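Below is one structure; the comments refer to it alone.
Keep in mind that this is a model prediction, so the values were computed, not measured. Along the sequence shown, the residues carry numbers beginning at 1.
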Amino acid sequence: MATAFHYFKWAFLVTILGLAGSFWLGWRYDGTLGAALSFLLIGSVLAVLEISLSFDNAIVNANKLKTMTPVWRQRFLTWGILIAVFGMRIVFPLAIVAIAAKVGPIEALRLAASEPQEYARIMEDSHLSIAAFGGAFLAMVALSFFMDEAKEVDWIHRIEKRLRSMGTIKGVTYGIVLVVVLGFAMQLGTAEQATFLKSAVLGLVVFMCVETLAHVLDAEDEIQSAARAGGLGAFLYLEVLDASFSFDGVIGAFALTNNLFLIAIGLGIGAMYVRSMTIMLVEKQTLNQFRFLEHGAFYSILALAVIMFAQSVVHIPEVLTGLLGAAIIALSFISSLRFNRHQHG
C-alpha cells in the first residue's frame, strides 16, 4: 500500500526548491535578509492559497482521468503539469499583458522584470474579461454535472433531483448561465458591460467547442483506435478546465506581490500538490470510497463561478474563495463518512 509520502514526494521536493528560490529571489532583488524572508513568506502564502483553491480541481481531474486510457492519463500527468505550471502561471500572464498593452512577448517579459507595478496594473485592468470568461466556463462545467439525466447519485437530494430533471431540456444549461451573466452585466457601466458580455459568451463558446471536440475525438468508434478513445479530447478538456481554475489564483496573486517570478514559484508549488492529489485520488479510488466527494467538488466549482462573476462588481478576497471551496468539500467528505457508516452499520 502506497503511503502519502509516495504520492507527495515530488511536491515536497518542488516545495523545498521553490521556497529556496523565493529566498534567493528576494536576496537578488534587494540584497537584504529582510527582503529575502519577505519573498520566502509570500511564496509560502501563494502556495497555500493555490492548494486551498485547487482541492476541487484535483477531484474533477481524478474523475475524468478514470475514463482515460493509461497512455493519455500518463501524458496528462507529465505534459499536463508542465502546461499547468509554465503555461498558466508564466505564459498566460505574459500573454495577457502582451495583448492588453499591444506589445510583444519579450517586451511583456521586460515589463514583468523591470516594471512590476505597470505589469500588475495591466493585469488588474484585464480582470473583468478573465472573471467573465472563467465564470462562464466553470458554471457550465458544474451545471453539466448536476443537470445530467443519467446521474444516479444525489447528495443534496431536493436540489439535485430538480436539476437532473431539467437536464432533459436541450440547451438549458447555456440558458441559465446566460441569465446569470446578464444579471451581473446589468450592474456594470455601458463600456464594462460590452467587455463582460463578450468574454462570458467566449467562455460558453470555448466550453461548447471543447465538449464537441472531446465527443468527436473520444468517440469509441471502430474507425478510431483504442489508444485514442478516452484520450486527446479528455486531455484538452482538463487543460482548459485547469486554465479556468488558474485565472482566480493568478489574478489574486497580484494582491500579494507584483513579481511575476515569485508568483510563478508560489503557484507552481501549489500546482504540484494538485498533481499529487489527483494521482492519489485515482490510484486509491478515493472517489468510489467517498460517495459525495465529487458532488462537493462541483458545488465548489459552482461557488467559484459565482464568485468570479461577483468580482466584476465587488472585491472578494481569494482567501475567502479558498476557504469556501474547502468547507464545501469537507462537508461532502463528512456526509460520505456518515453514509458509509450507515451502510455498514
Side-chain angles (χ1 to χ4, degrees), residues 1-12 48-70 73-74 76-77 80-81 84 138-139 141-164 167 230 234 237-238 241-242 244-245 270-307 321-345:
M1 181 71 76
T3 62
F5 179 77
H6 168 76
Y7 293 107
F8 288 94
K9 62 186 177 186
W10 288 108
F12 293 151
V48 172
L49 181 65
E50 179 72 0
I51 293 164
S52 68
L53 283 167
S54 300
F55 278 119
D56 40 10
N57 194 358
I59 293 168
V60 176
N61 283 353
N63 181 53
K64 196 73 175 174
L65 282 170
K66 285 190 304 185
T67 67
M68 292 171 75
T69 61
R73 185 185 299 175
Q74 191 56 40
F76 174 75
L77 294 172
I81 198 65
L138 290 177
V141 168
L143 288 176
S144 296
F145 172 78
F146 289 114
M147 303 179 85
D148 179 4
E149 55 186 315
K151 180 170 158 284
E152 296 177 351
V153 177
D154 293 335
W155 178 28
I156 304 175
H157 189 73
R158 187 176 295 179
I159 295 172
E160 292 176 37
K161 184 182 177 184
R162 188 161 295 175
L163 287 172
R164 193 171 67 247
Y237 174 85
L238 287 175
L241 186 65
D242 180 71
S244 298
F245 273 107
M272 283 301 296
Y273 280 92
V274 174
R275 179 186 183 276
S276 299
M277 280 190 280
T278 300
I279 296 170
M280 187 172 76
L281 288 169
V282 171
E283 292 189 359
K284 285 184 169 285
Q285 299 184 330
T286 306
L287 296 180
N288 295 337
Q289 296 168 32
F290 300 101
R291 187 180 178 88
F292 306 123
L293 201 58
E294 190 180 2
H295 295 66
F298 281 100
Y299 274 117
S300 180
I301 291 170
L302 193 58
L304 178 58
V306 173
I307 286 169
T321 307
L323 287 174
L324 178 62
I328 293 170
I329 290 170
L331 283 172
S332 67
F333 178 73
I334 292 165
S335 293
S336 301
L337 287 176
R338 283 177 178 166
F339 177 84
N340 291 346
R341 209 159 32 229
H342 179 73
Q343 285 290 100
H344 297 105

Please examine the side chains of Lys151 and Leu163, heavy atoms only from C-beta on, and report whether any two atoms are closer than 4.5 Å. no
Measure from the side-chain N and O atoms of Lys9 to the backbone N and O of Ala11, and report whether any donor-acceptor pair falls under 3.5 Å. no
Could you report the tightest heavy-atom contact between Ala303 and Ile328, atom names first, then the distance? CB-CD1, 4.1 Å
With the side chain counted from C-beta on, respond yes when Met272 and Phe8 share a heavy-atom pair under 4.5 Å apart, and no when they do not. no
Nearest atoms (heavy-atom pairs only) where Ala58 meets Val274: CB-O, 3.9 Å
Phe292 side chain near Val153 side chain, heavy-atom distance below 4.5 Å: yes
Do the side chain of Gln289 and the main chain of Lys284 share a donor and acceptor less than 3.5 angstrom apart? yes
For residues Val141 and Phe298, determine if any side-chain heavy atom of one lies less than 4.5 Å from a side-chain heavy atom of the other. yes
Short question: side chain of Glu160, backbone of Ile156 - any donor-acceptor pair under 3.5 Å? yes
Would you name the heavy atoms of Ala297 and Ile59 that are closest together and state the gap between them? CB-CG2, 3.6 Å
Is there a side chain to side chain contact (heavy atoms under 4.5 Å, CB included) between Phe145 and Ile301? Walk through the geometry before answering. CA-CA 11 Å; Phe145 172 78; Ile301 291 170; over 6 Å; no
To the nearest 0.5 Å, tell me how far Arg164 CZ sits from His157 NE2. 7.0 Å
To the nearest 0.5 Å, atom CG of Leu331 lies from atom OG of Ser300 at 11.0 Å
Please determine whether side chain to side chain contact (heavy atoms under 4.5 Å, CB included) holds for the pair Phe12 and Tyr273, giving the CA-CA distance in whole Å, both sets of side-chain angles, and the decisive distance to 0.1 Å. CA-CA 8 Å; Phe12 293 151; Tyr273 280 92; 3.3 Å; yes
In Å, rounded to the nearest 0.5 Å, how long is the span from CD1 of Ile334 to CG of Leu293? 11.5 Å
If only side-chain N and O atoms count, and only distance matters, is there a donor-acceptor pair under 3.5 Å linking Trp155 with Ser332? no
